[in-house]
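Heads up: the structure comes next, in structure tokens.
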Amino acid sequence: MGLCFWFFLVFILWQMMNVPTQAAITVGGGVGINIGNGSGGDGGGVWFGGGININNNPTPSRPSVSKLNNAYTALQAWKSAITDDPFGVLKTWNGSDVCSYKGVFCSVDSSNEPFVVAIDLNHGNLQGTLVKELSFLTDITIFHLNSNRFSGTVPDTFNDLSSLQELDLSGNYFSGSFPMVTLYIPNLVYLDLRFNNFSGTIPEDLFYKRLDAIFLNNNQFEGELPSNLGNSPASVINLANNKFIGNIPASFGFMRSKLKEILFLNNQLTGCIPQSVGLFSEMQVFDVSHNSLMGHLPDTMSCMSDIEVLNLAHNELSGVLPDIVCSLRSLMNLTVAYNFFSGFGQECSKSFYRDVGFDFSLNCIPGRDMQRPQPQCNDIPGSGLSCLRIPSPQPLVCGALFENLNPNVTPSSSPSP
């Protein structure tokens, strides 16, 4: 019996010496996972923190003084400016281990030193203001505050956030003029200010900045659209539900933008749809509904070969809806309701059989149901409006459209025979 006992004890000791290192687990309220070492100091490695830390390489016991201490100062200053926390989001925001704070995520640099890489407090229902000390988070790449109750303005010190790429302040109560400081955040590519109370005009410099997404919808912005709107390298621009007036800039599209979605809906825009809109050959969503646009549609719209959603409803457009629009190959939804179109061709009739959503109600099309009363069709708005239309080759050659429309481009000479 004694010999068996000693064999058993040796076996237990051997097992204990060979058990693999277990993951350190800290329980909080968020979610974050880091397996292995992070890569670099640019936030590109795996993150940890956010309230739950499942980490094979726990936060070093002697963290970087210059980074995490600065983060602690910034976050505690911000915590003091938050006046209501109904969900208890900030209950974990105690002590110097900021990587354990709910909604705060960390990574490690090449020296295995941790730093704050992201803040995500979406849907926290927090009430308060932003503080200038947040500029201490110079390594942060993502700052998301969607669906809270923050108010005030964006601190001018945010231009020190040199690593920030995504800024989402949507669904809050921020106010004042357009936050110009966002234009000086050097690496910003995603700007989301929608569903706030910003007002005034928007600056031209916004469309020179190398942003991929611009969301300004559902604010109180007003004035005319900057003439360089088409210069933006963004793939998505949403200007809906504001108070913009005037024309869509005639130069819109001349820069051969890679724009895929643009929404102008529910503003106070007037004039014609510019001919240059056809230059957006990669456009997938074009929505100008609920404005006061007039005139005929430009034939260049036939060059919008990737368009899927085309919403022209609730304007004062007129003329015959051209077949070249209805025959766009990628079209999934065409809405022209509440205008003054007087007819459409055979290709438009075929839309019903192509599984294309086609709403042409409340126009002036003879022999069709659900049209305007005849007295409304006797006096078509904008009937005397002359939309600028630069002649193009017949039939329209989309590949040559850019040289035709852009007055700054000199046509290339013909090759030698």
Side-chain angles (χ1 to χ4, degrees), residues 21-145 148 150 154-155 157-167:
T21 304
Q22 299 297 314
I25 302 177
T26 306
V27 179
V31 176
I33 299 176
N34 178 36
I35 307 298
N37 294 323
S39 59
D42 58 0
V46 184
W47 301 353
F48 61 89
I52 293 180
N53 182 17
I54 304 173
N55 181 19
N56 283 338
N57 294 288
T59 304
S61 58
R62 286 183 285 182
S64 168
V65 172
S66 61
K67 291 187 176 181
L68 288 193
N69 278 12
N70 280 346
Y72 173 78
T73 300
L75 295 174
Q76 289 301 315
W78 190 22
K79 181 181 178 181
S80 68
I82 295 175
T83 56
D84 190 25
D85 178 16
F87 298 155
V89 174
L90 304 184
K91 286 181 179 179
T92 62
W93 286 35
N94 296 308
S96 60
D97 184 9
V98 297
C99 297
S100 68
Y101 290 8
K102 184 173 182 178
V104 178
F105 296 87
C106 296
S107 186
V108 290
D109 61 20
S110 57
S111 301
N112 203 35
E113 292 186 343
F115 60 90
V116 174
V117 68
I119 291 177
D120 186 346
L121 295 174
N122 286 350
H123 305 283
N125 200 23
L126 297 168
Q127 181 177 17
T129 59
L130 302 180
V131 296
K132 63 181 181 180
E133 288 85 356
L134 287 169
S135 63
F136 297 166
L137 304 172
T138 54
D139 295 297
I140 195 171
T141 61
I142 292 176
F143 191 71
H144 286 181
L145 294 184
N148 284 281
F150 287 102
V154 182
T157 55
F158 266 42
N159 61 350
D160 292 331
L161 299 177
S162 55
S163 299
L164 187 63
Q165 297 178 22
E166 295 186 17
L167 178 61

Starting at CG of N70, measure out to OG of S135 and round the result to the nearest 0.5 Å. 9.5 Å
If every non-hydrogen atom of W78 is compared with every non-hydrogen atom of T129, which pair is closest and at what distance? NE1-O, 3.1 Å
If every non-hydrogen atom of P155 is compared with every non-hydrogen atom of L130, which pair is closest and at what distance? CD-CB, 3.7 Å
Please report the closest heavy-atom contact between L90 and I82, naming both atoms and the distance. CD1-CD1, 3.6 Å
Provide the closest heavy-atom pair for A74 versus V131 in the form atom of the first, atom of the second, distance. O-CG2, 4.4 Å
Should F158 and L134 count as side-chain neighbours, where that means a heavy-atom distance under 4.5 Å? yes
Which residues satisfy the side chain to side chain contact (heavy atoms under 4.5 Å, CB included) test with S80, sequence neighbours excluded? none
Using the rule given for side chain to side chain contact (heavy atoms under 4.5 Å, CB included), can you reason through I140 versus I119, listing the C-alpha separation, both sets of side-chain angles and the distance that settles it, and then say yes or no? CA-CA 8 Å; I140 195 171; I119 291 177; 3.7 Å; yes
Please list, chain by chain and in numerical order, all residues satisfying side chain to side chain contact (heavy atoms under 4.5 Å, CB included) with S111, sequence neighbours excluded. D109, E113
Taking all heavy atoms of H123 and all of N148, pick out the closest pair and write down the distance. N-ND2, 4.1 Å
With F136, which residues qualify under ring pair (Phe, Tyr, Trp, His ring centres under 6.0 Å), at least two apart? none
Under the side chain to side chain contact (heavy atoms under 4.5 Å, CB included) test, which residues partner N125, sequence neighbours left out? P86, F87, R149
Any salt bridge (charged side-chain N to carboxylate O under 4.0 Å, His left out) pairs touching residues 115-135, not counting sequence neighbours? none
Heavy-atom side-chain contact between F115 and S107 under 4.5 Å: yes
Hey, does the side chain of T138 reach the backbone of L161 with a donor-acceptor pair shorter than 3.5 angstrom? no
Please answer whether the main-chain N or O of V117 pairs with a side-chain N or O of T141 as donor and acceptor at a distance below 3.5 Å. yes
Output for pair (I142 CD1, E166 CD), nearest 0.5 Å, gives 4.5 Å
Where the side chain of K79 meets the backbone of W93, is there a donor-acceptor pair that is under 3.5 Å apart? yes
The criterion is side chain to side chain contact (heavy atoms under 4.5 Å, CB included); which residues satisfy it with Y72, sequence neighbours excluded? Q76, V98, Y101
Could you grab the distance from atom CG of N122 to atom CG of L126, nearest 0.5 Å is fine? 10.5 Å
Begin with the C-alpha distance, continue with both residues' side-chain angles, and end with the deciding distance and a verdict on side chain to side chain contact (heavy atoms under 4.5 Å, CB included) for V116 and D139. CA-CA 7 Å; V116 174; D139 295 297; over 6 Å; no
For P114 versus L68, what's the shortest heavy-atom pair and its separation? CG-CD1, 3.4 Å
